[in-house]
Amino acid sequence: MKSFYITTAIDYVNGSPHLGHAYEKVLTDVIARIRRMMGDRVHFLTGVDEHGQKVQQSARQRGVSPQQFSDEISAEFRALLPKLNISNDDFIRTTDERHKRVVRGLLQQLHDKGEIYKAEYQGFYSTRQEQFLQDKDRNPDGTWPEIYGEVTEITESNYFFKLKNYQDWLVRFLTENENFVFPKFRQKQVLEFLKEPLNDLCISRPKERLEWGIPLPFDEDFVTYVWFDALTNYYSAVVDRPGVWPADYHVIGKDILVPPHAVYWMIMLQACGLPLPKGIIAHGWWSINGAKMSKSTGNFVEPVGFVDQYGVDPLRYFVMREMSVGQDSDFSFSQFLARYNAELANNLGNLVNRTLNMTNRFAGGLIPAADEAGVPEKELQDLWKQVQAEVPQLWDGFQFNVALERTMAFVTATNAYIEKLAPWKLGKSAEPADQARLRTALATMAEALRLAAHLLEPVIPASATRIHAVLGYQPTDNWADKTQWSGRLQGNRVAESLVLFPRLQPPDSAAKS
RNA sequence: GCCAGGGUAGCUCAGUGGUAGAGCAGAGGACUCAUAAGCCUUUGGUCGCCGGUUCAAUCCCGGCCCCUGGCACCA
């Protein structure tokens, strides 16, 4: 069986992880969990990009070796994963031997095929910044900004990859596979970009200028620069695992779609004769309180600290509930608070607790068997059938925000059902008919909760598991079966109580009241 | 400048060629199992602006305005 193979972009280890990094992991994780739940054999890869000039510079500034520097920052990124409850199967570092070996292999192969050639590159070079400058780096009056120091025109030999030759092929491929990039408008952006002629891609740096990289196998005086190093991770990580490549989805930020993933990576694979990924998902960016994320202004969400304070699942829920995949979204604490209290605490969490409470109070803590379903039960069951059919379709279309909305609507309907039955009144009656209705009500609310938790599982896995646990329920791994309305909870002993999402107070309300 | 996305109730957004929808917030009510939660009812919008097509446009076409992002060997 072919694996479902999904990847995140690898993070560049030149700073600490922020909300954007966390979001991409969570989004990919949600998809991975959904596919596992649906029975696919999933392989989920994430990792870090460790080579390059900025890492070399940062290491030098701190007076440590590049390896030591990236060891430290990589550990920080790696630590984020369990914190976010990410279910990745592998974690790749571009400094891994397994990676370097594959990169060098591909480069050698392309060199042998004549896809890589050496040429001279002429341009303006800033010694202070150790980089070539573009015309757009100039001041409006044509001079170079102060930060570059002395700028001189120099000539440098480098290796180039023949991108140009594949432009027509790529245009044809994207035209024939119109849903290759999600969302669709991003695909248009790629084709727009390809209307201009491509240039060949410079893939090397001389070692005297940059030594923190993978040496070219055919010329050890150079290291390969950025794209052959970074993009190849998706392939190098699974080269020894038969049946995994090609990737089903690369999940990336919109900033690295064009040209790296949609152009360079596709052409690299094609030139190497390797199968192409089946799709690319380009997600949007988070702003914080309506403004661009920025460390210098403190407009920044630090995921580890946030999780420590509010929990993993609330963060996961918020980013999936709030963002329409592909669009940008805003993160504000007040919006987080509103979602948290309204949907997680009041709607879902409170339903869990009142269900446990009533089962304990009116049925001795054992979930009763339901009598024959009346009108209210049938209505709720019909709604479940709708939601159960609709949510997986929404998942397929990456509309996780809508899927969560529908799931929560089912939770709301369950709360409304409880009001209609009013078990607390039935519990005071000795009439056999009322007792039967009471048993039915308790069984129905527990069953509804069990089912809803299954739809929430990919997004808030730990909480879903806790809900199932307090219902005395052990899920099986047959999706179609376990999402059927049933009486399988009958006789289970429930927990005494559970405050799943403690209600949060707005920061400034404590003083007032 | 070019390209793309967006401009719909106080807020976040959904939506369709035929009297505008949801959630949250606000207001009122009945209830009490529960995290002062839940449920019911309800206030609220010239659907960015101007034209056009149409019996009929928020949805189609043209123009304009505003916000956001991208514009290559910089990551």
Side-chain angles (χ1 to χ4, degrees), chain A residues 12 14 49 52-55 121 123 126 129 131-134 136-137 158 160-161 163 183-205 225-227 230 253-260 263-264 284-285 287 290-292 321-324 326-330 332 334-335 337-339 341-362 399 401-402 404-406 408-409 411-428 438 441-442 445 497-504 513:
Chain A
Y12 197 58
N14 194 40
D49 180 9
Q53 187 158 293
K54 285 183 182 169
V55 171
Y121 178 78
S126 156
Q129 292 292 320
Q131 68 176 58
F132 277 93
L133 304 176
Q134 310 305 313
K136 68 175 184 180
D137 293 324
N158 262 312
F160 290 80
F161 172 50
L163 272 192
K184 227 173 179 175
F185 73 82
R186 294 276 171 217
Q187 174 123 346
K188 279 193 232 159
Q189 233 168 46
V190 181
L191 285 165
E192 199 62 36
F193 176 82
L194 289 169
K195 281 180 182 167
E196 299 294 316
L198 286 174
N199 291 320
D200 288 344
L201 180 67
C202 179
I203 59 157
S204 68
R205 290 292 184 270
Y225 190 62
V226 189
W227 301 119
K254 63 180 184 179
D255 54 318
I256 50 172
L257 176 67
V258 186
V263 179
Y264 302 159
W285 282 13
S287 58
K292 206 170 167 178
R321 176 69 181 84
E322 199 68 12
M323 190 175 262
S324 169
Q327 304 287 351
D328 292 346
S329 274
D330 187 54
S332 69
S334 62
Q335 186 72 6
L337 204 67
R339 290 271 185 229
N341 278 338
E343 299 181 15
L344 292 179
N346 296 349
N347 198 19
L348 176 64
N350 187 49
L351 173 63
V352 173
N353 204 30
R354 67 199 301 216
T355 298
L356 299 183
N357 223 282
M358 284 188 266
T359 306
N360 281 307
R361 184 182 294 213
F362 303 121
Q399 294 183 273
N401 54 334
V402 184
L404 287 172
E405 191 191 330
R406 296 295 147 79
M408 280 302 171
V411 174
T412 296
T414 304
N415 273 314
Y417 164 83
I418 293 173
E419 301 296 328
K420 202 175 290 178
L421 274 281
W424 50 93
K425 283 184 187 162
L426 299 170
K428 290 175 188 156
L438 175 60
L442 294 175
M445 64 179 91
S497 74
L498 172 65
V499 175
L500 195 55
F501 300 105
R503 203 176 149 76
L504 297 174
S513 54

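Bear in mind the structure is a predicted one, so any value in this text is a computation, not a measurement. In the text below, chain A, chain B and the rest are named by the order of the sequence lines, each starting its count at 1.
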Problem set entry | C1' atoms of B:G45 and B:A9, separation to the nearest Å | 5 Å
Seminar exercise, completed: Of the listed B:C33, B:C73, B:G69, the closest approach to the A:F362 side chain comes from B:C33
Exercise. In whole Å, what is the span from the CG atom of A:N357 to the P atom of B:C33?
Worked result: 9 Å
Problem set entry | Nearest-nucleotide pick for A:K188, side chain only, options being B:U32, B:U35, B:G5 | B:G5
For this session: Could you check how far CG of A:D330 sits from P of B:G6, rounded to whole Å?
Result: 18 Å
For this session: On RNA chain B, check which nucleotide each of A:P502 and A:N341 is closest to and give me the residue with the more 5' one.
Result: A:P502
Problem set entry | Rounded distance in Å - CD1 (A:I256) to P (B:A75) | 13 Å
Problem set entry | Backbone of A:A345 reached by a side-chain donor or acceptor of A:N350 within 3.5 Å | no
Exercise. Quantified in whole Å, what is the C1' atom distance between nucleotide B:G48 and nucleotide B:G7?
Worked result: 6 Å
Exercise. Should B:U46 form a Watson-Crick or G-U wobble pair with both distances under 3.5 Å, which nucleotide is its partner?
Worked result: none
Exercise. Can you tell me the Watson-Crick or wobble partner of B:U32, both distances under 3.5 angstrom?
Worked result: none
For this session: Considering only atom C1', compute the distance from B:C49 to B:U58 and round it to an integer number of Å.
Result: 14 Å
Exercise. So what does A:V226 hit on the nucleic acid, given a heavy-atom distance under 4.0 Å: a base, only sugar-phosphate, or nothing?
Worked result: sugar-phosphate
Seminar exercise, completed: Between A:Q399 and A:D255, whichever has its closest RNA chain B nucleotide further toward 5' is A:Q399
Problem set entry | Nearest-Å distance once atom C1' is located in both B:C67 and B:G18 | 32 Å
For this session: Among the candidates B:U68, B:C39, B:C33, find the nucleotide nearest to the side-chain atoms of A:D328.
Result: B:U68
Exercise. Roughly how far, to the nearest 0.5 Å, is the CG atom of A:L351 from the CE atom of A:M445?
Worked result: 8.0 Å
For this session: Describe the nucleic acid contact of A:N199 in one word from base, sugar-phosphate, nothing, applying a heavy-atom distance below 4.0 Å.
Result: base
For this session: Using a 4.0 Å heavy-atom cut-off across all strands, classify A:Y264 as base, sugar-phosphate, or nothing.
Result: sugar-phosphate
For this session: Would you mind classifying the nucleic acid contact of A:R406 as base, sugar-phosphate or nothing, using non-hydrogen atoms under 4.0 angstrom?
Result: nothing
Problem set entry | Proximal nucleotide (of B:C33, B:U35, B:C39) relative to the A:A416 side chain | B:C39
Exercise. Is A:Y225 close to A:S204 at the side-chain level, that is, under 4.5 Å between some pair of heavy atoms?
Worked result: no
Exercise. Given the C1' atoms of B:G44 and B:C11, what is the spacing between them in whole Å?
Worked result: 13 Å
For this session: For nucleotides B:U41 and B:U35, find the distance between their P atoms and express it as a whole number of Å.
Result: 26 Å
Problem set entry | A:R503 vs B:A37: side-chain N/O to OP1/OP2 distance below 4.0 Å | yes
Problem set entry | For B:G38, the Watson-Crick or wobble partner whose two distances fall under 3.5 Å | none
For this session: Please state how far atom CH2 in A:W285 lies from atom C1' in B:G6, giving the value in whole angstrom units.
Result: 17 Å
For this session: Between B:C24 and B:C65, how far apart are the C1' atoms? Round to whole Å, please.
Result: 30 Å
Exercise. Is A:E322 touching bases, backbone alone, or none of the nucleic acid, heavy atoms closer than 4.0 Å?
Worked result: sugar-phosphate
Exercise. Going by distance alone, is a donor N or O of one side chain under 3.5 Å from an acceptor N or O of the other, for A:S497 and A:N357?
Worked result: no
Problem set entry | Whole-angstrom distance between B:U16 and B:C2, as gauged at atom P | 30 Å
Exercise. Is A:Q189 side chain donor-acceptor paired with the B:G70 base, going by distance under 3.5 Å alone?
Worked result: no
For this session: Would you confirm whether A:N346, through its side chain, and A:N341, through its main-chain N or O, come within 3.5 Å as a donor-acceptor pair?
Result: yes
Seminar exercise, completed: Interatomic distance, NZ@A:K428 vs CZ@A:F362, rounded to 0.5 Å, equals 7.5 Å
Problem set entry | Short side-chain donor-acceptor distance under 3.5 Å, A:N415 and A:R354 | yes
Problem set entry | Base paired to B:G69 (Watson-Crick or G-U; both N/O distances under 3.5 angstrom) | B:C3
For this session: Output the single nucleotide from B:A75, B:G5, B:U32 whose closest atom is nearest the side chain of A:Y12.
Result: B:A75
Exercise. Could you state the interatomic distance from CD (A:Q335) to CG (A:D330), rounded to the nearest 0.5 Å?
Worked result: 8.0 Å
For this session: Under 4.0 Å between any heavy atoms, over every strand shown, what does A:I418 touch: base, sugar-phosphate, or nothing? Just pick one.
Result: nothing
Exercise. According to the Watson-Crick and G-U wobble definitions, with both distances under 3.5 Å, which nucleotide is paired to B:A9?
Worked result: none
Seminar exercise, completed: Under a 3.5 Å limit on both distances, the Watson-Crick or wobble mate of B:A56 is none
For this session: Could you tell me whether A:S324 contacts a base, only the sugar-phosphate backbone, or nothing, with contacts defined as non-hydrogen atoms closer than 4.0 Å?
Result: nothing
Seminar exercise, completed: Ranking B:C31, B:G5, B:A75 by distance to the side chain of A:W227, first place goes to B:A75
Seminar exercise, completed: Quick note, A:N350 side chain, CB onward, closest among B:A75, B:A37, B:G69 is B:A37
Exercise. Please give, in whole Å, the distance from B:G6 C1' to A:M323 CE?
Worked result: 14 Å
Problem set entry | Value in whole Å for how far the P atom of B:A4 lies from CD of A:E196 | 14 Å
Exercise. Does a side-chain N or O from A:Y225 land closer than 4.0 Å to OP1 or OP2 of B:A75, or not?
Worked result: yes
Seminar exercise, completed: For nucleotides 20-26 of chain B, 5' to 3', base contacts (B), sugar-phosphate-only contacts (S) and non-contacts (-) with protein non-hydrogen atoms under 4.0 Å give ----S--
Exercise. Just how far is it from atom CG of A:L163 to atom CD1 of A:I203, taken to the nearest 0.5 Å?
Worked result: 10.0 Å
Exercise. Taking CG from A:L500 and C1' from B:A34, how many angstroms apart are they, rounded to a whole number?
Worked result: 14 Å
Problem set entry | Between B:G5 (C1') and A:K254 (NZ): distance, integer Å | 8 Å
Exercise. Hey, are the side chains of A:W285 and A:D255 touching, using non-hydrogen atoms and a 4.5 Å cut-off?
Worked result: yes
Exercise. Between CD of A:Q53 and CZ of A:R205, what distance do you get to the nearest 0.5 Å?
Worked result: 8.0 Å
